[in-house]
Amino acid sequence: MSKNNRPNPDDRSDNVKKLKKMVSNTKENMEAAEETMEHTSGNNREAIREKNEHRKESIEGFRREILDEAEARRK
């Protein structure tokens, strides 16, 4: 590996901040989707509902990662 092609060091110092922002953005997307769903019907409505279920799962995952990061900092 050449001198100029080194991987960046693992910097986890702002992971919690980034994860919290991701939770916030995902919640905003869910709310926007709910508003859109009020004016949608049929398959599109079901697709939005499914997407929001995936977003809920993502938020749960982000929260678990936040807890993992907090635990890693304590050690």
Side-chain angles (χ1 to χ4, degrees):
M1 184 177 274
S2 78
K3 193 174 191 179
N4 295 331
N5 249 352
R6 292 187 184 170
N8 292 333
D10 186 20
D11 179 10
R12 299 170 65 146
S13 64
D14 63 347
N15 282 4
V16 171
K17 181 179 177 182
K18 288 178 184 177
L19 287 164
K20 286 181 179 181
K21 183 66 174 169
M22 291 165 65
V23 168
S24 177
N25 289 342
T26 303
K27 284 182 178 182
E28 288 174 13
N29 290 339
M30 286 177 69
E31 291 169 4
E34 290 289 333
E35 289 177 18
T36 300
M37 201 164 45
E38 292 176 11
H39 308 287
T40 307
S41 62
N43 290 340
N44 290 337
R45 188 178 183 96
E46 185 59 30
I48 292 170
R49 188 175 290 120
E50 287 177 18
K51 182 69 174 180
N52 273 353
E53 284 302 314
H54 291 292
R55 287 179 173 129
K56 287 178 187 177
E57 292 170 8
S58 294
I59 288 172
E60 290 172 16
F62 295 148
R63 289 186 172 148
R64 284 191 301 270
E65 287 186 54
I66 289 169
L67 293 174
D68 288 346
E69 287 295 322
E71 183 66 28
R73 285 186 181 183
R74 279 186 236 140
K75 291 183 178 180

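Expressed to the nearest 0.5 Å, how far CD1 of I66 lies from NZ of K18 amounts to 13.5 Å. Summarising the geometry, atom CZ belonging to R49 is positioned 8.5 Å from atom CD belonging to E34; distances are rounded to the nearest 0.5 Å. Atom OG in S13 sits 10.0 Å away from atom CD in E69 (nearest 0.5 Å). Between T26 atom OG1 and H54 atom NE2 the span is 13.5 Å, to the nearest 0.5 Å.
Counting all heavy atoms, side chain and backbone alike, R73 lies closest to D14 at NH2-N, 4.3 Å. The two atoms that bring M37 and R45 nearest to each other are O-NH1, 2.6 Å, heavy atoms only.
Side chain of S24 to main chain of K20: no donor-acceptor pair is present (N/O by atom type, distance under 3.5 Å, no hydrogens or angles).
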For E60 and R63, what are the C-alpha separation, side-chain angles and deciding distance, and is it a salt bridge (Lys or Arg N to Asp or Glu O under 4.0 Å)? CA-CA 5 Å; E60 290 172 16; R63 289 186 172 148; over 6 Å; no
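If you chain together hydrophobic residues whose side chains sit under 4.5 Å apart, I48 and I59 never meet in one group.
N52 and R55 share a side-chain donor-acceptor pair at under 3.5 Å.
Between E53 and K56 there is a salt bridge, with a side-chain nitrogen of the basic residue lying less than 4.0 Å from a carboxylate oxygen of the acidic one.
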